[in-house]
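Heads up, the thing below is written out as structure tokens.
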2 protein chains.
Amino acid sequence: MIKTTITLLAITTSYLLLLATPTKNPTYYHSLFLSNSFSDNVSISNNLQTLTRRPHIAGSEANDEAAAYVVSVLTSCNILSHVTSYDVALTYPLSRSLVLTKSSSSSESESPSFSFNLTQQVYEGDPYADVADEVVPTFHAYAKSGTAVGSVVYANYGRAEDYLKLKEIGINVSNTVVLAKYGKIYRGDIVKNAYEEGAIGVVIYSDKKDYGGGGSKWFPDEKWLPPSGVQVGSVYGGTGDPTTPGWASSGECERISKDQVEKSGVVPLIPSLPVSGEDGEKIIRSIGGPVAVDDWQGSKDAPTYRVGPGPGILNLSYTGKEFIATIQNVIGVIEGAEEPDRYVILGNHRDAWTFGAVDPNSGTATLLEVAQRLGKLQKRGWKPRRTIILCNWDAEEYGLIGSTEWVEENREILTSRAVAYLNTDCAVAGPGFHASATPQLDELIKKAIQTVKDPSNSSQSIYDSLTSSGSSPQFGRLGGGGSDYKSFLQHLGIPATDISFGKGYPVYHSLYDDFIWMKKFGDPMFQRHVAAASVWGLIALWLADEEFLPFNYVSYAKELKLNMEELENEISNKDINLSPMYKSIMELEKAATKINNQIKEIEESKNWRTWKMEHLKVREVNDRLMMAERAFTDRDGLSGMEWHKHLIYGPSKHDRYGSQSFPGIGDAVQMAKKLRTVESWSQVQHEVWRVSRVIKQASLVLTGQLT
Amino acid sequence: MIKTTITLLAITTSYLLLLATPTKNPTYYHSLFLSNSFSDNVSISNNLQTLTRRPHIAGSEANDEAAAYVVSVLTSCNILSHVTSYDVALTYPLSRSLVLTKSSSSSESESPSFSFNLTQQVYEGDPYADVADEVVPTFHAYAKSGTAVGSVVYANYGRAEDYLKLKEIGINVSNTVVLAKYGKIYRGDIVKNAYEEGAIGVVIYSDKKDYGGGGSKWFPDEKWLPPSGVQVGSVYGGTGDPTTPGWASSGECERISKDQVEKSGVVPLIPSLPVSGEDGEKIIRSIGGPVAVDDWQGSKDAPTYRVGPGPGILNLSYTGKEFIATIQNVIGVIEGAEEPDRYVILGNHRDAWTFGAVDPNSGTATLLEVAQRLGKLQKRGWKPRRTIILCNWDAEEYGLIGSTEWVEENREILTSRAVAYLNTDCAVAGPGFHASATPQLDELIKKAIQTVKDPSNSSQSIYDSLTSSGSSPQFGRLGGGGSDYKSFLQHLGIPATDISFGKGYPVYHSLYDDFIWMKKFGDPMFQRHVAAASVWGLIALWLADEEFLPFNYVSYAKELKLNMEELENEISNKDINLSPMYKSIMELEKAATKINNQIKEIEESKNWRTWKMEHLKVREVNDRLMMAERAFTDRDGLSGMEWHKHLIYGPSKHDRYGSQSFPGIGDAVQMAKKLRTVESWSQVQHEVWRVSRVIKQASLVLTGQLT
């Protein structure tokens with residue numbers, strides 16, 4: 001009799017619980033999210049056109065206007081949103097001049113000289129001609145103000161190895177003005193390397209071969225950068241507001257002085273300017289001296305470059321205005337119905353050097369498409385289990401400033417609550433899907449692109465297209481500093497992804513990155529944007545709605561094993577003991593397998609009568625999955641770059657934008673190979689130990705057992 | 001009709017949920033915990049006698065035996081326990097000699113000299129006489145091996161101000177052997193200060209006035225230290241195994257060399273020895289020179305001390321054995337029934353310099369009493385809501401080694417799961433209750449001592465006795481390094497308490513800290529132990545069982561305001577802006593009041609039908625309360641002492657055992673007052689900003705709202 005009663009009670013209880021849960025299964029809503037009726041390429045196009053109607057550099061009124069637009073769209077989707085402002089140090093150009101004197105003798109007072117006009121040409125019929133004067137003059141953000149006069153030396157891409165080659169043929173760049181071309185390394189490092197070699201100024205140009213298509217047609221006829229096109233950009237080497245390193249620029253706050261900023265090594269100490277392809281070639285023709293070595297190929301006009309110094313003399317003069325600007329992050333929140341204190345964060349920046357149709361507003365338009373679809377889902381009764389946060393960052397172009405200040409301000413909350421950060425910068429620059437991620441998210445991305453159709457071939461999935469040649473899709477890693485994922489992952493240890501269609505595009509950071517370019521070349525039908533929103537949103541929905549977080553740390557362990565094997569090859573003949581690292585990776589793999597099995601067990605043993613227990617049990621498992629990535633951070637951070645706490649993914653000292661695994665070990669190896677001392681190799685061993693220890697911490701977190 | 005059905009369902013559901021909950025309310029069990037039938041002073045006495053039957057220094061077989069005993073008692077209480085071992089660097093004395101030569105002329109070959117025997121006398125009838133040879137010879141752990149020969153200088157307590165006084169009367173301690181007395185500062189700092197002043201060796205004695213009672217009776221007749229009694233102890237200035245700074249000494253692990261340890265400044269670079277009161281006086285009588293200044297009072301025999309140098313010459317020789325010992329922490333776990341992944345941790349150490357009846361095994365016996373009562377509660381059906389962990393640390397005496405290695409090994413898990421760490425070291429050294437705590441726990445301690453009877457006066461509560469003079473009870477803070485709470489609080493930011501009956505006792509760290517002393521003087525009826533177990537256990541039970549964590553951050557804000565006012569007075573005439581600090585404290589108070597109100601609201605609105613929501617809502621609030629203390633830590637840590645991450649409580653650079661609030665600011669103020677430069681005062685301002693920022697982080701965590 002008692003038994004029967006309890007059974008009955010159990011049944012009614014289950015029924016009652018069912019009443020309380022949403023009427024539809026989350027997967028129903030996830031399918032709806034992908035459906036044609038929810039996708040809207042016209043709206044994406046309209047949003048992009050509106051966002052890019054004026055140039056909107058960080059700190060400008062036009063960018064505030066764009067922020068207001070983002071808020072209005074989010075609000076129309078029933079997403080509660082607000083603006084979070086920070087007062088940050090930016091720079092604008094005040095005056096610029098660049099004069100080329102062809103004679104090498106400074107005593108010749110009447111030598112022929114040429115003053116570059118440093119202006120990007122508006123083409124005939126350009127619909128944006130009327131706002132072209134709102135575009136900031138071409139410059140390098142955070143460039144040193146000053147004048148440099150010196151013989152010009154051609155330094156190829158301005159990498160460390162390029163200077164080695166110059167030295168081989170006896171060329172010293174001391175007291176010269178270096179001409180380098182854009183492309184292989186971060187422009188800030190081009191300037192830094194030149195400074196370290198003794199140069200007094202740097203001019204960086206966009207080589208026609210790399211950006212101009214090499215032919216005689218360019219935008220608006222072709223996708224290529226016009227001869228007068230210039231790549232603007234930052235030469236800052238830090239992350240976030242330079243005057244508030246490590247803390248938020250909010251309200252009344254501490255600021256370090258310009259002097260301290262310069263001493264900390266994050267801003268260049270010599271002036272620099274970016275110039276167009278045609279200006280670059282003009283300078284090259286003024287250079288004599290030996291012919292450029294090896295693979296430093298010239299153009300069709302000048303098949304081999306000469307490297308100088310001189311006889312051409314460059315007189316470079318730049319004055320920047322340094323000021324405190326109020327920047328605006330837009331934050332939209334869809335509160336989780338069951339776990340409001342777990343955050344799935346989507347982010348993209350809004351500020352652009354010019355119109356920003358690709359960079360970054362293809363991402364912003366995609367963010368708004370995701371928002372609109374989520375708004376529609378909400379109308380159909382969907383509520384996410386966890387909180388979804390949509391972020392639209394400001395001042396990314398200057399040095400990831402908006403996202404970094406926000407991460408620094410909310411550091412402790414994000415550390416204990418953020419499930420993942422999903423970034424998109426240039427969502428669409430052309431065909432071809434690209435993704436980078438922390439490896440526990442690899443499988444989820446794979447699943448998403450197996451679900452979403454290829455916008456270039458709707459008969460198959462993105463995954464099918466990527467693997468049509470039989471290869472498995474390769475995901476990048478996030479050790480670089482290319483976009484706003486950096487603070488989330490490298491400072492706090494939050495799992496992250498970054499996705500895009502297309503990778504690199506010729507009009508990058510130039511006047512020509514506008515809506516016309518996008519419509520003609522980037523994504524004529526806006527179907528790539530639709531697909532980007534589908535992939536991005538689907539990953540977010542799974543992370544927000546699935547009972548168990550869809551993280552697989554077995555992938556992480558496998559990736560680390562690969563990284564370790566590469567390292568092993570690099571130092572095979574050195575007396576470095578990698579066994580602690582090997583051991584820790586094996587432990588991680590074991591822990592990852594174990595938690596995967598635990599999840600299966602819980603799922604199989606689900607029992608509605610003990611539902612209360614299960615609920616906290618699920619949370620406990622999810623917290624381990626969430627916090628395991630945090631464990632890869634170390635409070636002391638990377639040696640010499642202590643703000644970077646993640647020891648698996650971070651920048652290397654000599655390429656601050658490049659992505660590296662085990663950057664601390666990598667830097668130590670570089671140093672040891674240079675110094676060749678016992679101590680420097682001990683330092684490598686120490687860094688191996690440090691990495692091994694954080695991997696061990698991650699295993700402990702995954703198992704959830706105290707020793 | 002539908003309404004009725006739902007009501008019926010709701011009722012049956014509530015009934016069902018009630019069936020699932022324990023039959024008794026937690027408060028029922030908490031009363032039981034305090035009841036006479038649960039308390040057992042005889043068992044405490046027996047446990048203490050067993051634990052202290054042999055001297056059990058860290059690394060000794062006797063201490064492993066004591067660990068096994070702790071495990072056996074925990075097991076008998078049905079508490080799952082295990083031993084966690086670490087391999088750590090300890091030192092034992094190999095050879096010691098101290099010779100006093102009374103003539104100052106080194107050329108006089110036949111000067112009368114006296115060699116101290118450096119032995120503590122066994123008294124007649126000492127029941128421990130047969131194991132007295134197991135007591136380690138008197139020494140300083142981590143003392144530098146070597147020989148120092150020099151004129152002796154008397155330096156009072158060996159503080160910085162004592163050397164200033166010596167300088168005032170023209171005494172330089174360079175190349176001398178310093179004689180100092182125990183008492184005011186950490187012995188490691190006595191040696192460090194002497195080294196920094198140029199001394200080549202240090203002898204530290206226990207002044208009869210301070211430890212010997214000043215009369216002619218001592219242990220076993222009185223509680224006082226006998227004339228031959230010596231205070232053994234560590235002179236290490238770091239925390240945890242010196243060879244594994246910042247990481248755990250577990251398994252195969254990285255170790256720094258002895259040379260690196262010495263370079264890091266945590267171990268003394270000159271030899272030292274502790275001596276008895278009678279040996280100290282003998283040395284004093286060999287000293288001539290000027291009379292000791294001001295308040296440096298002498299003894300009855302020698303009312304004013306002379307300071308030297310000489311004519312007495314000390315020849316101090318010490319050789320330590322440095323070795324890697326396996327130490328054993330005992331960890332007992334009572335898993336939480338509802339929130340197994342939230343930890344309330346009780347800890348006490350086990351290793352002792354000699355028998356350790358007060359230090360630390362009065363605490364161990366109290367821990368076992370708590371365990372036995374919890375075992376009885378479990379038999380009555382009680383299960384804690386959260387996990388309770390009972391820890392018995394090893395090698396605390398050497399430098400908090402057992403607890404620190406464990407905290408470092410489990411860093412990431414503890415950071416996300418530990419609710420509080422509750423320490424007891426010398427649980428009972430005499431009458432009078434003392435407590436130190438992070439301030440959000442003040443109220444809880446107050447409530448506990450209002451509930452528990454005063455063991456010296458059972459007609460009133462401990463609280464009543466403490467406040468009988470009309471004063472409110474004063475709780476200490478935990479910025480010092482006196483016991484195992486240090487790593488939990490100062491490295492990880494885990495709320496902590498430390499409690500005891502009695503504070504300081506004359507036979508501290510000597511041969512005479514044995515069971516006889518405890519029975520005769522410390523706690524004849526073991527009722528203080530009973531009361532200590534009641535207070536300690538009750539605090540743990542409340543933290544483990546209450547639905548909302550009983551933390552009140554309003555107390556924290558008030559305490560910080562007081563600390564700020566003290567600071568304000570100290571630097572009132574300096575151009576330091578304290579307004580950011582003031583503002584952040586106000587914000588903290590507001591956030592603390594807000595969360596207190598939220599808790600009240602949730603409690604009032606409790607609704608069993610939406611119980612599932614409530615459950616996660618409670619968890620969300622509790623996580624904020626738990627994580628707010630973490631927010632007081634900063635990843636960069638205290639400047640120059642970076643392992644110390646907590647910016648509110650930590651050591652100052654010149655008194656590593658003293659407790660200080662805002663230690664970073666304090667050290668910067670000391671430095672600025674010394675240097676009197678603009679830069680040094682800017683550094684003070686910077687430290688003020690740093691503290692303000694962590695307080696702001698704590699407010700944000702308490703409110704749980706992203707900006």
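Atoms considered below: every heavy atom in the structure, side chains included; atoms not considered: hydrogens, waters and symmetry mates. Here is how names work: the chains are called A, B, and so on, in the same order as the sequence lines, proteins then strands, and each is numbered from 1.
- Residues B:W689 and A:E252 are in side-chain contact: their nearest non-hydrogen atoms beyond the backbone lie under 4.5 Å apart.
- Atom CG of A:L616 and atom CG of B:L616 lie 6.0 Å apart (nearest 0.5 Å).
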Exercise for the section: Give the C-alpha distance, both sets of side-chain angles, the deciding distance and a yes or no for salt bridge (charged side-chain N to carboxylate O under 4.0 Å, His left out) between A:R417 and B:E620. Expected result: CA-CA 10 Å; A:R417 297 183 166 191; B:E620 188 271 338; 2.6 Å; yes
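- With a threshold of 4.5 angstrom between heavy atoms, A:Y86 approaches chain B through side-chain atoms but not through N, CA, C or O.
- Only the side chain of A:I331 has a heavy atom closer than 4.5 Å to any heavy atom of chain B.
- Neither the backbone nor the side chain of A:I256 comes within contact range of chain B, judged by heavy atoms closer than 4.5 Å.
- Shown here for A:I413 and B:Q705, the closest heavy-atom pair between the two residues is CD1-O, 3.6 Å.
- Here B:C253 is the residue among B:C253, B:G246, B:P340, B:A698 with the most heavy-atom pairs under 4.5 Å with chain A.
- Contact check for B:K696 versus A:E412: no side-chain heavy atoms found under the 4.5 Å cut-off.
- With a 4.5 angstrom heavy-atom cutoff, A:D623 touches chain B only via side-chain atoms.
- Using a 4.5 Å cut-off between heavy atoms, A:E408 touches chain B through its backbone atoms (N, CA, C, O) alone.
- For the pair A:K617 and B:E339, the salt-bridge criterion is not met [side-chain N within less than 4.0 Å of a carboxylate O].
- The pair A:E642-B:R635 fails the salt-bridge criterion, with no side-chain N (NZ, NE, NH1 or NH2) lying under 4.0 Å from an Asp/Glu carboxylate O.
- Salt bridge present: A:D636 and B:K645 bring a charged side-chain N and a carboxylate O closer than 4.0 Å.
- Only the side chain of A:R342 comes within contact range of chain B, with heavy atoms under 4.5 Å apart.
- Under 3.5 Å, the side chains of B:N410 and A:T707 contain a donor-acceptor pair of N or O atoms.
- For A:S692, no part lies under 4.5 angstrom from a heavy atom of chain B.
- Heavy-atom distances place the side chain of A:H82, and not its backbone, under 4.5 Å from chain B.
- Salt-bridge check for B:R690 with A:E254: failed, with every basic side-chain N at 4.0 Å or more from each acidic carboxylate O.
- Residue A:R693 touches chain B through its side chain alone, counting heavy-atom pairs closer than 4.5 Å.
- Contact check for A:E409 versus B:L706: no side-chain heavy atoms found under the 4.5 Å cut-off.
- Annotation: side chain of A:R624 is not in contact with side chain of B:S416 (no heavy-atom distance under 4.5 Å).
- Proximity to chain A is limited to the side chain of B:N577, based on heavy atoms less than 4.5 angstrom apart.
- Residues A:Q697 and B:W247 are not in side-chain contact: their nearest non-hydrogen atoms beyond the backbone lie 4.5 Å or more apart.
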